[in-house]
Structures are given as C-alpha cells and as structure tokens.
Novice: 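Supplied in structure tokens, the structure appears directly below.
Side-chain atoms are counted along with the backbone in the values below, which use heavy atoms only and exclude waters and symmetry mates. As the structure lists them, so they are numbered: ligands from 1, and atoms in each ligand from 1.
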Amino acid sequence: MRIHCKIVVVAICLGVFLLLYFFGGNAADEPPLGEVEKDKHFPSSSGLGKIVSENVAKLSRREPQKQVRPNRKEPKISDRGGNVSAKLRQKSVLGRWGSKVTRAEDTMHLAVVACGNRLDETLAMVKSALLFSVKKIKFHIFAEQDLTGQFEKGLSQWPVPLSSKFQYTLYPITFSVGNADEWKRLFKPCAAQRLFLPVILKDVDSLLYVDTDVLFLRPMDDIWEFLRAFNGTQLAAMAPEHEIPKIGWYSRFARHPFYGVTGVNSGVMLMNLTRIRSTLFKNSMIASGLSWKDLLHPLYQKYKNHITWGDQDLLNIIFHYNPECLYIFPCQWNYRPDHCMYGSNCKGAEEEGVSILHGNRGVYHDDKQPAFKVVYDAIHDYPFGENMFQSLFYPLQTKFLDTVNTLCGRIPQVFLKQIEKTMKAVFEQKVVRHVRPPQRQRR
Ligand SMILES: *[C@@H]1O[C@H](CO)[C@@H](O)[C@H](O)[C@H]1NC(C)=O
Ligand SMILES: *[C@@H]1O[C@H](CO)[C@@H](O)[C@H](O)[C@H]1NC(C)=O
Ligand SMILES: *[C@@H]1O[C@H](CO)[C@@H](O)[C@H](O)[C@H]1NC(C)=O
C-alpha cells in the first residue's frame, strides 16, 4: 500500500534524524580535543601556584597513589621519589591525564647545599619554591650528616596539595676530586659542593642551583624558561655580581681573572648539566681545554692563594676564559642588599619588582636590612592551607610599611610588585574556580 510505504519512509527518516541528533548532540557537549588540551595546560605558562596545581592534581586523579616510595633505601642517600623505572610504572597506571601531567620534562630540578645552621632558611626556600610554582619540582638537597634527619622530618610534615608536588633526595657532602677537607674550608663550609653538581648528578639534564638564603617571589617555572633562551654555546646562567663597576667588589679588588666588568654572583645559577659535562673549557693551563671534571682541581691549585670568595671566584675564572658559555640574566632574578644599600641600582627590579630575593650577609636574621627580613618572616610564618592573599601578602604589605625609612625599604614596589602579581594570580584563579558553571566543573 502506498500510504504504508510513506509511513515506513517517514519513520526511517525520523529514526535517522534522531540518531544523528543524539550522536551529534553528545559530541557537541564534549569539548573538542584541542580545548581540553588548552584547559589542562592553561596553568603551565602563568604563575597560578597552588590552586592550579590542586586542579591539575584532581584532573590527573592521582590522590590514591600520591607518594611513590622505593622499596629499598640506600644507606646514605635516602630517595623519597623512587627510581626511574618505578616512576615509569607509576605513570602507566595513571591513565591518560596522569601520563601527560607527569612527563619527565615537566619536572624542574632544584639543588641546594645546606650546612651548619641553615636548616630553617633552606626549608623557607623550598616552601617559597613550592607555594608559587606550577610544574613539579625535584629537590636535590646536599646536607651535613646531622641535618638529614631534620630535613626528612621537616619535609614530611607538609600537607597534601604541596607534598604531592615535589620529590626530594638527600645527599651527603662529597668531593670527587682533590682533598675534601681543603674543599670544605674554601669559603663557607661545603659551599664548594655546587661546583661538583655536574659530576654528581649524572642523570639530571638541567638544574637550578640556589643558596639557602634565596626566596622565590614568583614561580620557579619562570626562571626555568631561561634554559630555552640559551643559544648554541651557553650552558649556564647567572646575574652580575654588581650593577655599578665603581662600587663592585671584583672590579676594585679581585687579584684573579673574572667574568665581564663586575663578575657574576653564583647564588642563583641555572645550569644545563648535559652541556657542562660535554664541553671542553678553555683555561690558562692546558691549551687543548679541559672537561669540567678535570678542570676544577688544577684551577683551584693555581688560584687558591688569590681567591677571596671561594668557589664563586673559580666560576668567575672559568667564565672569564669561556664567556660565550654564559647567559646573563638581569638583577631582579638575584636581588641582594647590594642592589639597594647604597641606593637603588637594579633597574629591572624597579620596573617589574624582585623575582628572586637573595638575602646574603645574613640579613634575614639580623636587623641590618629589615626589608629583606620582613619578606623572609612572611614566607617562613605563612600557615599552610590559609588563603595566601590574606595570610601572606596582606601581613607582608603591612609590615613592610615599617621599613620605608630604610635604604632598601624606601621603594616598596621593588619588593612587593612581583609577589603581589603572583598572589593576585593565585587569588583570582581561586575565585574563577568557584564561579565556574557546574557543567564545566563536571569535567
Ligand atoms: C629501580 O627499580 C627497579 C625495579 O624496582 C630495580 O630493578 C632497579 O635496580 C632500581 N634501580 C635503582 C638504581 O635502584
Ligand atoms: C640541555 O642541552 C642539551 C644538549 O644541547 C639539550 O639536548 C637539552 O634539551 C638541554 N636542556 C634544556 C632543558 O634545554
Ligand atoms: C651565544 O651568546 C654569547 C653571549 O652573547 C656569545 O658570546 C656567543 O657567541 C653566542 N653563541 C652562538 C653560537 O651564537
């Protein structure tokens, strides 16, 4: 019958239409792949800190297996992060979000050498790195034997959103070449250890070394980016020791070669260890050049009676003969009392604020430069889990007012601008998360 045929055709058309509608509709609800990628990686370029990392942690569904512990411990080196093959297995368990988030190149490496009474200071540095950074961080902590227990205790007490963002390894102080006691006496106890990082950390490609008295006022991710700015010959990055040759130490007093006009400061040093290990360094002793490992001891023997600041002087000598190997980053990435105690001389910090604060000369612990101490105290005393804007930035801003009659506190913007930017980013991100429409949150 013709009418029957018509009904069948209409029914089929309706069916096809409905099928198309449902499949098409579902596909439209699902964000396109590109959008998912962008959303997931959104935090990585902007410094949104803890809140963002919580989001990423949730996306990656890592909570049930947040800590990878190795089954066996080596007697001296305690490795909380587990070894590479263990980590690889862990990754495969995490599924599609996890595998992206924990990619090896998404981990930054930070090294510090702590001796004597530097425990609290070092923990404050680690805290500042974790509070603001986005990517995961692997800490390589070189410490005197009697400090290792205290480090383990200190680092194990941090709450989950932070503790799931880092791993650490504790190493004893070791010197691979020459007389260990002699190296230890050079400058402060065990400061020379940093010279040996390329030799000891054989499996690490790139590393940021910082002194214990360094505080991050913005994500470590941002200084890590300088690694990508290296040209073909650059393998390390440091800031100048001074901005003004007339009052710089090296330019006035050094009795040995040094880099550039004012020398470089080694308190914040970014290193591509792979390149350092594979380069032959020009020097004043052997014309064909020497590898890093073979250079250190003869260099020390040759200059030990002429150097004042220990291993930093050796680094200056090395880069004097190999200037094409060094990338110079501006002073706001290694901001010291020298930049303000004779009047403000770090242009970059005046413009965009301090990115990394370096309280050398012990200024976090005495009253000589209250501007530095106030920042240290604010980060040191910040209670984990509290709103960072209310419990860190606001008290810091208030206390900073008491320092405006000192040379370094005279321009509050220098100290506060960058950290305020970081705090705002964290704060805004939190608000954005709360007002997200429920449909998006379901993802
Ligand atoms: C890493 O773990 C794997 C499997 O657990 C083990 O076979 C290997 O020896 C470990 N490597 C190191 C350096 O501990
Ligand atoms: C370090 O240098 C090596 C060799 O040039 C390069 O393969 C590697 O990607 C560099 N690392 C970073 C983080 O840029
Ligand atoms: C890299 O930059 C340094 C410093 O500007 C320069 O001396 C060196 O020649 C550059 N190397 C290359 C391969 O361009």
Side-chain angles (χ1 to χ4, degrees), residues 41 43-45 47 81 84 87-88 91 100-112 129 133-140 165-167 169 194-210 216 218-243 245 250-251 257-266 268-284 289-293 295 315-334 347-348 355-356:
H41 288 292
S44 61
S45 58
V84 176
K87 259 185 269 167
L88 282 176
K91 263 194 255 173
K100 272 283 170 73
V101 173
T102 56
R103 261 186 334 210
E105 62 262 41
D106 282 349
T107 301
M108 304 182 287
H109 293 262
L110 183 58
V112 64
S133 297
V134 178
K135 286 203 279 271
K136 292 188 171 226
I137 305 178
K138 167 96 191 221
F139 294 98
H140 302 269
K165 250 177 87 180
F166 75 101
Q167 300 174 331
T169 305
R194 85 185 106 179
L195 294 174
F196 295 89
L197 295 175
V199 184
I200 298 170
L201 301 175
K202 287 192 180 66
D203 299 330
V204 178
D205 169 69
S206 295
L207 181 78
L208 178 66
Y209 164 87
V210 294
F216 292 85
R218 72 190 269 179
M220 177 185 160
D221 308 58
D222 296 341
I223 190 168
W224 195 251
E225 281 298 302
F226 281 117
L227 285 168
R228 293 206 221 166
F230 285 8
N231 69 17
T233 47
Q234 286 160 337
L235 45 77
M238 285 183 261
E241 166 65 24
H242 223 289
E243 295 301 304
Y250 284 108
S251 36
F258 56 89
Y259 177 88
V261 183
T262 60
V264 283
N265 182 282
S266 56
V268 180
M269 178 166 55
L270 195 57
M271 291 178 279
N272 183 321
L273 302 179
T274 307
R275 289 187 177 189
I276 291 177
R277 283 186 289 259
S278 65
T279 298
L280 284 180
F281 291 87
K282 299 189 282 292
N283 60 79
S284 56
L290 285 169
S291 70
W292 186 271
K293 171 165 74 68
L295 173 63
L315 287 164
N316 267 287
I317 297 169
I318 293 173
F319 290 111
H320 169 85
Y321 290 105
N322 302 272
E324 73 285 357
C325 294
L326 194 60
Y327 180 99
I328 297 294
F329 50 68
C331 47
Q332 65 267 33
W333 294 95
N334 182 351
K347 272 270 172 315
S355 297
I356 293 182

Novice: Mark yes or no for whether Asp221, through its side chain, and Val134, through its backbone, hold a donor-acceptor pair below 3.5 Å.
Specialist: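 Checked: pair present.
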Novice: Using a strict cut-off of 4.0 Å, indicate which atoms of ligand 2 neighbour a heavy atom of Ser206.
Specialist: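 In order of numbering, the contacting atoms are 11 (N), 12 (C), 13 (C).
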Novice: Tell me: protein heavy atom nearest atom 5 (O) of ligand 2, and distance?
Specialist: Arg275 NE, 3.0 Å
Novice: Write out the residue and atom name of the closest protein heavy atom to atom 9 (O) of ligand 2, then the distance separating them to 0.1 Å.
Specialist: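 Looking at atom 9 (O) of ligand 2, the protein heavy atom closest to it is Asp205 OD2, 4.6 Å.
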Novice: For Arg194 and Ser266, indicate whether the former's side chain and the latter's backbone hold a donor-acceptor pair under 3.5 Å.
Specialist: yes
Novice: What residue and atom, counting heavy atoms only, is the protein's closest point to atom 4 (C) of ligand 3, and at what distance?
Specialist: Gln234 NE2, 3.8 Å
Novice: Using modelled atom types only, decide if a donor and an acceptor are shared between the side chain of Trp224 and the backbone of Leu208 within a distance under 3.5 Å.
Specialist: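 Side chain of Trp224 to backbone of Leu208: no pair is present.
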Novice: Examine distances only and state if a side-chain atom of Asn316 and a backbone atom of Tyr259 form a donor-acceptor pair shorter than 3.5 Å.
Specialist: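 Checking the backbone N and O of Tyr259 against the side chain of Asn316, a donor-acceptor pair under 3.5 Å is found.
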Novice: Can you name the atoms of ligand 3, numbered from 1 with element, that are less than 4.0 Å from a heavy atom of Glu324?
Specialist: 7 (O), 8 (C)
Novice: To the nearest 0.1 Å, how far is atom 10 (C) of ligand 2 from its closest protein heavy atom, and which atom is that?
Specialist: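 For atom 10 (C) of ligand 2, the nearest protein heavy atom is Asn272 ND2, 2.6 Å.
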Novice: Determine whether a donor-acceptor pair (N or O, by modelled atom type, separation under 3.5 Å) exists between the side chain of Asn322 and the backbone of Cys325.
Specialist: no
Novice: With a 3.5 Å distance limit and no angle check, can you tell me whether Ser133 reaches the backbone of Met220 through a side-chain donor-acceptor pair?
Specialist: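 Yes.
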Novice: Give the residue and atom name of whichever protein heavy atom lies nearest to atom 2 (O) of ligand 3, and the separation in Å to one decimal.
Specialist: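 Ranking protein heavy atoms by distance from atom 2 (O) of ligand 3, first comes Asn231 ND2, 2.3 Å.
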